[in-house]
Amino acid sequence: MIQNPFKEAIPVLELIEEAGFEAYFVGGSVRDHLLGRSIADVDIATSALPEEMKRIFPKTADVGIEHGTILVHHGGNHYEVTTFRSEADYTDFRRPDSVSFIRSLKEDLQRRDFTMNAMAMDKDGQIIDPFAGKEAIDRKMIVTVGNPDERFGEDALRMLRAVRFQSQLSFSIEQQTYESLAANSHLLNNIAVERKLVEFEKLMMGPARVEAIQLLANSGMSQFLPGLKRKNGHLMSFSSHVTSELELAELWVLLLFDLGLSGKEIDSFLREWKLPVQKIKRYIQIHSWLLYRMENDWDLKSIYKAGLDKAISAEKVFGTLHALVNNPEGLIKLFDMLPIKNRQQLVVSGNDVMAWMDKQPGPWLRVTLDEIEQAVIYGKVPNEKEKIKEWLNASNQKSGKN
Ligand code: ATP
Ligand code: MG
């Protein structure tokens with residue numbers, strides 16, 4: 001049965017055909033449809049040129065017009081529609097030097113990376129499959145369209161895409177394709193880190209992630225990924241610790257741990273991957289709570305300082321390293337016991353304390369606030385202004401501070 005996203009897009013194909021051009025569903029959506037996977041968005045390829053498309057559809061946006069892609073708004077949805085194209089010379093193992101628009105579907109399919117991604121489907125659900133993509137899907141095989149050395153030579157990112165699809169679909173990489181990938185892995189040097197990151201993260205999140213990580217190491221590809229040169233042993237332990245429960249942040253933290261990085265090395269590793277600063281900060285924090293957890297159990301103070309989310313993440317990584325069952329219940333209970341969950345919830349401010357003590361600000365203020373915070377966390381004093389004031393007076397008298 002044709003899935004809904006296709007059904008809704010059929011009028012788009014019809015309108016293009018009525019104007020005298022060809023139009024098909026292509027790429028990942030056709031592959032996933034044949035695999036019985038749910039599909040998110042459909043890609044459309046057409047013999048119409050972008051200018052011709054704009055005459056057919058009143059509402060379009062130029063999203064990648066130089067590559068022949070425009071965004072068509074229709075029936076409350078939008079679709080990426082790309083003119084059939086062949087990709088001319090590749091001189092730097094990256095992107096084609098120029099794009100030529102063509103009128104032939106087959107040539108368009110021929111420029112695509114893997115046979116499973118090189119099929120088209122018309123509006124009646126007929127599959128156009130000149131490169132035996134269907135057979136590859138049945139055999140769960142990732143096979144390049146044509147000679148793998150040539151195809152990886154044209155665009156080295158395809159090698160990482162192969163491993164990422166292996167991870168996402170639990171497919172195998174066909175022998176010749178695999179050998180080429182191992183022989184050409186150095187070409188990854190030509191690929192921008194940002195593009196590597198996208199594929200690497202998808203690969204780490206796929207159901208066959210363990211095999212994918214091992215494949216990166218065994219094929220030699222990891223030698224050409226940021227911070228992973230000569231780290232195959234570490235990558236192998238990483239793959240042995242990875243579980244299906246871990247989310248992206250936790251996988252990065254586990255990787256940091258298995259690489260044995262510390263301090264500044266962690267920061268430069270994550271920067272080398274060009275991760276956003278916010279994420280770097282978060283991963284570093286979770287990693288340091290993991291190190292804490294290797295030596296200590298959680299208590300009120302540590303869970304308060306870490307915050308529940310980071311504590312749970314650190315605990316999940318800790319659990320995976322010790323083959324423990326993930327059970328965040330204990331942490332949630334502990335966190336629930338905290339009278340305040342963060343500093344903002346403390347009812348007294350620095351101004352209150354200065355007024356009560358009739359003193360000018362100074363280092364003493366921070367120390368005192370920390371003491372109050374600690375006392376509230378441990379339930380020694382309720383989080384109420386008057387009570388805190390009394391408690392502060394009493395403890396100052398005891399220590400003879402006043
Ligand atoms: P996903 O489900 O992750 O989106 P996808 O197969 O749709 O997978 P996209 O990156 O969205 O992948 O690309 C859409 C299609 O464009 C692919 O199916 C493939 O036919 C083609 N394609 C994408 N990247 C390349 C590439 N580097 N070389 C050749 N063809 C490519
Ligand atoms: Mg896609």
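Read the numbers this way: they start at 1 and go in the same order the structure lists the ligands and their atoms. Below, all heavy atoms of this structure are taken into account, side chains as well, without hydrogens, waters or symmetry copies.
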Nearest candidate to atom 13 (O) of ligand 1, where distance is taken over non-hydrogen atoms, out of Arg161, Gln168, Met159, Arg31: Arg161
Residue Gly27 vicinity, atoms of ligand 1 by number, heavy atom under 4.0 Å: 18 (O)
Nitrogen or oxygen atoms of Gly28 and ligand 1 under 3.5 Å apart: yes
N or O contact, Arg164 vs ligand 1, cut-off under 3.5 Å: yes
Neighbour count >12 (heavy atoms, 6.0 Å) for atom NZ, Lys387: no
For residues 271-278, run the donor-acceptor check on the side chains, cut-off 3.5 Å, and write out each pair with its distance to 0.1 Å, sequence neighbours left out.
| unit_1 | atom_1 | unit_2 | atom_2 | d |
| --- | --- | --- | --- | --- |
| Arg271 | NE | Asp267 | OD2 | 2.7 |
| Glu272 | OE2 | Gly227 | N | 3.4 |
| Trp273 | NE1 | Pro226 | O | 3.1 |

Close-contact set for ligand 1 against Asp155 heavy atoms, below 4.0 Å: 26 (C), 27 (N)
Pair Glu107 + Arg111, salt bridge at N-O below 4.0 Å: no
For Glu247, the option from Lys316, Arg282, Arg209 that meets salt bridge (Lys or Arg N to Asp or Glu O under 4.0 Å): Lys316
Closest candidate by heavy atom, reference atom 19 (C) of ligand 1, pool Val145, Asp113, Leu157: Asp113
Sidechain-backbone polar pair: Asn296 side chain, Arg293 backbone, donor-acceptor under 3.5 Å: no
Winner among Met119, Glu154, Arg112, Arg158 once heavy atoms are compared against atom 21 (C) of ligand 1: Arg112
All side chain to side chain donor-acceptor pair (under 3.5 Å) counterparts of Ser313, not counting sequence neighbours: Glu250
Phe165 and ligand 1 - part of the residue with a heavy-atom distance under 4.0 Å: side chain
